[in-house]
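Comments concern the structure below.
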Amino acid sequence: MVRTRIAPSPTGDPHVGTAYVALFNYAWAKKNGGQFILRIEDTDRERSSEASEEMIFASLRWLGLSWDEGPDVGGPHAPYRQSQRTTIYQQHVEELIDRGAAYPCFCSKDRLDALREQQRRAKAPVMGYDRHCRSIPKAEAQARRRAGEPHVVRLAMPTQGITKVRDFLRGELEFDNTLIDDQVLLKSDGFPTYHLANVVDDHLMGITHVIRAEEWISSLPKHAQLYRAFGWEEPVFCHLPLLRNADRSKISKRKNPTSLNFYRRAGFLPEAMLNFLALMGWTMPDGREEFTLDEFVEAFTLDRIVLGGPVFDLTKLTWLNGKYIRTLGPQELLRRLRSDLLSDAYLLKILPLVRERIDKLEDFIAYASFFFVGEVSYGPDVLPKLVMKTSSPTEAAAILEELLEEELDPLLDWSKENLEARLRRFAEARSLRAGDFFMAVRVAVTGKTATPPLFETMEVLGKETCRRRLRHAVAVLKGKA
RNA sequence: GGCCCUGUCGUCUAACGGUUAGGACACCGGUCUUUCAAGCCGGCAGCAGGGGUUCGACUCCCCUCAGGGCCGCCA
């Protein structure tokens with residue numbers, strides 16, 4: 001029985017990379033008549049949020065990648081949310097300690113920071129924990145734990161030899177054990193790190209194929225050692241290439257739209273999105289480039305995955321999406337438009353803001369057009385407002401860019417209250433004239449100087465549209481668009 | 001810096017030792033058309049470099065180079 005999983009961390013907007021990995025996992029499970037599981041890896045208490053988790057569910061559902069077991073649908077291995085499984089991890093950690101495969105570490109954050117800094121300055125070839133606490137006698141260590149001394153638990157890596165692990169696509173990989181440090185398994189807050197939780201859950205949930213992104217290869221030996229320490233059979237590991245920006249770095253939101261919400265709002269069809277993602281590092285045996293999810297599943301094999309990191313090319317996605325749109329009849333197209341961009345829910349949010357400002361129904365289209373288009377243009381009449389009185393175009397660009405990255409990108413609850421609080425905080429911190437600054441944001445986000453109230457407008461436009469237009473405004477100000 | 005992964009047109013890729021190195025996007029031309037698209041036809045463009053192995057290398061091996069990832073009590 002084949003069982004695969006997607007294990008996203010709910011720490012931000014739903015990521016296109018998650019959809020990519022989910023697609024391949026889904027396909028492999030379905031191809032083999034197995035199960036595809038959704039597990040939420042919310043062990044980072046600082047960054048995880050319910051809002052993010054909900055967006056992940058919504059995005060995967062939008063794409064049509066349905067899961068057989070998960071936090072919302074349950075299953076035989078519930079719970080599927082790691083924050084609800086802490087006692088399981090703690091028990092397993094005790095087992096490792098008993099076996100001598102893990103040990104408590106009492107080193108402070110300060111000590112570790114200093115150590116890292118020292119290694120960095122000395123350009124030490126081997127970075128990482130110096131195993132300071134590994135030599136503490138077990139009895140003493142346990143006594144200190146019982147006394148309540150803050151600590152983490154680390155994996156006791158073999159101090160010599162090599163770890164061999166097989167990657168389905170790359171063959172046998174070898175890692176020098178002396179170069180791998182003792183990974184933290186259990187944090188001082190009692191939560192597991194990814195490494196522990198991932199291995200324990202994959203085993204307990206009967207995952208047969210771990211299909212994940214290439215960025216995990218470097219921690220593969222740690223995972224392999226964990227399986228071996230527990231005496232568990234290892235799953236098949238298959239590392240997918242990383243999606244790339246045009247400059248070939250790992251795909252990032254500074255250089256690409258990475259939020260699935262962006263694609264949905266922009267009107268990319270889920271089937272086109274999946275089709276395109278399937279083309280990233282995989283091809284049909286017969287060379288066909290246009291195919292449905294079911295056809296993909298039917299033809300899918302892991303061995304046709306290509307290892308070079310594919311550049312995520314919005315142009316080709318757009319072309320494919322156009323092909324899909326052209327296959328839809330007017331009725332179906334209408335249904336698609338009505339489901340998001342022209343939904344009653346969306347229109348109902350816009351109308352209260354626009355009602356006071358129009359006198360004839362036909363005025364609606366002209367007045368409210370910026371609620372429906374993608375990017376907006378900045379004519380000579382509004383451009384000075386975008387620049388702001390006190391700054392140069394370059395400075396204005398920098399300000400908007402900082403606003404985006406510091407205040408807006410991290411904001412998941414896109415409400416007018418939060419927006420107002422963030423924008424005001426930002427303006428004050430930088431001593432920007434409120435009127436001037438808010439007008440610049442207004443223009444950036446709507447292309448107009450006269451609009452409904454800014455925060456309400458931004459709330460209705462939504463994060464993706466605001467983000468996208470702010471980005472565009474920055475590019476315009478920099479003379480790059 | 002160390003370790004690891006990767007390397008065919010600008011981009012996505014086919015090729016499983018023997019091909020004029022094929023297709024798709026983009027771009028350029030043409031065609032259709034009242035316009036713009038779409039469609040159709042055509043064109044441009046690539047095996048990172050150097051050594052081997054072999055009768056024969058894009059394909060196998062080695063070195064170099066280049067790109068990427070990781071080096072967190074983040075995943």
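Just so it is clear: chains get the letters A, B, ... in the order the sequence lines come, proteins before strands, and each one is counted from 1.
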> A:Arg248 side chain: which of B:C71, B:U11, B:G2 is closest?
Replying inline: B:U11
> So which nucleotide does B:A21 pair with, by the Watson-Crick or G-U wobble rule with both distances under 3.5 Å?
Replying inline: none
>> Ring-plane angle category for A:His209 and A:Trp28, please: parallel below 30°, perpendicular beyond 60°, tilted otherwise.
In response: perpendicular
> Any side-chain N or O of A:Arg116 less than 4.0 Å from the OP1 or OP2 oxygen of B:C71?
Replying inline: no
Enumerate the protein-to-nucleotides 20-27 of chain B contacts in which both atoms are nitrogen or oxygen and the separation is below 3.5 Å.
from	atom 1	to	atom 2	distance (Å)
B:A24	O4'	A:Glu289	OE1	2.8
B:A24	O2'	A:Glu289	OE1	2.7
B:A24	N3	A:Lys316	NZ	3.2

>> Taking 4.0 Å as the cut-off, does a side-chain nitrogen or oxygen of A:Ser218 come that near to OP1 or OP2 on B:G69?
In response: no
> Taking CG from A:Leu243 and P from B:C12, how many angstroms apart are they, rounded to a whole number?
Replying inline: 11 Å
>> Counting only side-chain heavy atoms from C-beta out, which of B:C71, B:G39, B:C4 sits nearest to A:Phe175?
In response: B:C4
> With a 4.5 Å heavy-atom cut-off, do A:Met273 and A:Leu63 have their side chains touching?
Replying inline: yes
>> Return the pairing partner of B:G7 with a 3.5 Å limit on both distances, Watson-Crick or G-U wobble; otherwise return none.
In response: B:C65
> Which heavy-atom pair separates A:Phe296 from A:Ala278 by the least distance, and what is that distance?
Replying inline: CE1-CB, 3.8 Å
> Below 4.0 angstrom, N of the basic side chain to O of the carboxylate: do A:Lys478 and A:Glu401 qualify?
Replying inline: yes
> Taking a pair as Watson-Crick or G-U wobble with both distances under 3.5 Å, which nucleotide is matched to B:U53?
Replying inline: none
>> Only pairs with both distances under 3.5 Å count, Watson-Crick or wobble alike; so what is the partner of B:U35 in this structure?
In response: none
> Contact class for A:Val184 vs. all strands (heavy atom < 4.0 Å): base, sugar-phosphate, or nothing?
Replying inline: sugar-phosphate
> Picking from B:C71, B:C5, B:C12, which would you name as closest to the side chain of A:Glu214?
Replying inline: B:C5
> When the P atoms of B:A15 and B:C60 are considered, how many whole Å apart are they?
Replying inline: 12 Å
>> So if I apply the side chain to side chain contact (heavy atoms under 4.5 Å, CB included) rule between A:Ile207 and each of A:Asn198, A:Thr4, A:Ile37, which one comes out positive?
In response: A:Ile37
> Whole-Å distance between B:U6 P and A:Arg170 CZ?
Replying inline: 6 Å
> When rounded to the nearest Å, what value does the distance between C1' atoms of B:C36 and B:C44 take?
Replying inline: 26 Å
> Under 4.0 angstrom, heavy atoms only, what part of the nucleic acid is A:Glu174 near: base, sugar-phosphate, or nothing?
Replying inline: sugar-phosphate
> To the nearest Å, how far apart are A:Met284 CE and B:C12 C1'?
Replying inline: 15 Å
> Atom CG of A:Leu186 and atom P of B:G72: how far apart are they, to the nearest Å?
Replying inline: 19 Å
>> Taking the minimum atom-to-atom distance to the side chain of A:Asp44, which one of B:G39, B:C74, B:G68 wins?
In response: B:C74
> If we take the P atom in both B:G23 and B:A37, what is their distance in whole Å?
Replying inline: 26 Å
> Looking at the side chain of A:Leu242, which of B:A14, B:G69, B:C4 is the nearest nucleotide?
Replying inline: B:G69
> Quick one: CE on A:Met280 to CD1 on A:Ile251, what's the gap to the nearest 0.5 Å?
Replying inline: 9.5 Å
> From B:A75, B:C4, B:C71, pick the nucleotide closest to the side chain of A:Ile217?
Replying inline: B:C4
>> For the C1' atoms, the ones on B:C71 and on B:C61, what distance do you get once it is rounded to whole angstrom?
In response: 31 Å
> Please give, in whole Å, the distance from B:C12 P to A:Leu279 CG?
Replying inline: 11 Å
> Whole-Å distance between B:U6 P and A:Leu173 CG?
Replying inline: 7 Å
> Do A:Asp340 and A:Arg265 meet the salt-bridge criterion of a basic N to acidic O distance under 4.0 Å?
Replying inline: no
> Between B:G67, B:U11, B:C5, which nucleotide has the shortest distance from any of its atoms to the side chain of A:Arg244?
Replying inline: B:G67
> Who passes salt bridge (Lys or Arg N to Asp or Glu O under 4.0 Å) against A:Arg99, sequence neighbours left out?
Replying inline: A:Glu95
> Contact class for A:Ser188 (heavy atom, under 4.0 Å): base, sugar-phosphate, or nothing?
Replying inline: base
> Is a side-chain N or O of A:Thr258 found less than 3.5 angstrom from the main chain of A:His15, in a donor-acceptor match?
Replying inline: no
> Can you find a donor-acceptor N/O pair under 3.5 angstrom joining the side chain of A:Thr193 to the base of B:C73?
Replying inline: no
> Which part of the nucleic acid, if any, lies within reach of A:Gly281 when heavy atoms closer than 4.0 Å are counted: base, sugar-phosphate only, or nothing?
Replying inline: sugar-phosphate
> What integer distance in Å separates A:Ile251:CD1 from B:G68:P?
Replying inline: 15 Å
>> Work out how far the P atom of B:C5 is from that of B:U11, and round it to whole angstrom.
In response: 24 Å
>> Please check: side-chain N/O of A:Gln90 versus main-chain N/O of A:Gly190, any donor-acceptor pairing under 3.5 Å?
In response: yes
>> Can you identify which nucleotide, out of B:A14, B:A75, B:G2, has its nearest atom closest to the A:Glu215 side chain?
In response: B:A75
>> Within the 4.0 Å heavy-atom criterion, would you say A:Ser249 contacts the bases, only the backbone, or no part of the nucleic acid?
In response: sugar-phosphate
> Expressed in whole Å, how much space separates the C1' atoms belonging to B:G7 and B:C63?
Replying inline: 15 Å
> For A:Asn245 and B:G68, what is the distance between atoms CG and C1' respectively, to the nearest whole Å?
Replying inline: 12 Å
>> Under 4.0 Å, counting only non-hydrogen atoms across every strand here, what does A:Lys222 touch: a base, just sugar-phosphate, or nothing?
In response: nothing
> Where each residue is assigned the nucleotide of RNA chain B containing its nearest heavy atom, which of A:Lys123 and A:Thr11 is assigned the position nearer the 5′ end?
Replying inline: A:Lys123
>> Under 4.0 Å between a side-chain nitrogen and a carboxylate oxygen: does that hold for A:Arg170 and A:Asp167?
In response: yes
> Nearest of B:A75, B:G2, B:C12 to any side-chain atom of A:His195?
Replying inline: B:A75
> Which of the following nucleotides, B:C74, B:C5, B:C73, is nearest to the side chain of A:Arg154?
Replying inline: B:C73
>> Going by purine N1 to pyrimidine N3 plus the second Watson-Crick contact, or the G-U wobble pair, all under 3.5 Å, which nucleotide sits opposite B:G2?
In response: B:C70
> Expressed as a whole number of Å, how far does the P atom of B:U8 sit from that of B:A48?
Replying inline: 6 Å
> For atom P, what is the distance between B:C16 and B:C28, given to the nearest Å?
Replying inline: 34 Å
> Quick one: on RNA chain B, does A:Lys109 or A:Pro241 contact a more 5' nucleotide (nearest heavy atom)?
Replying inline: A:Pro241
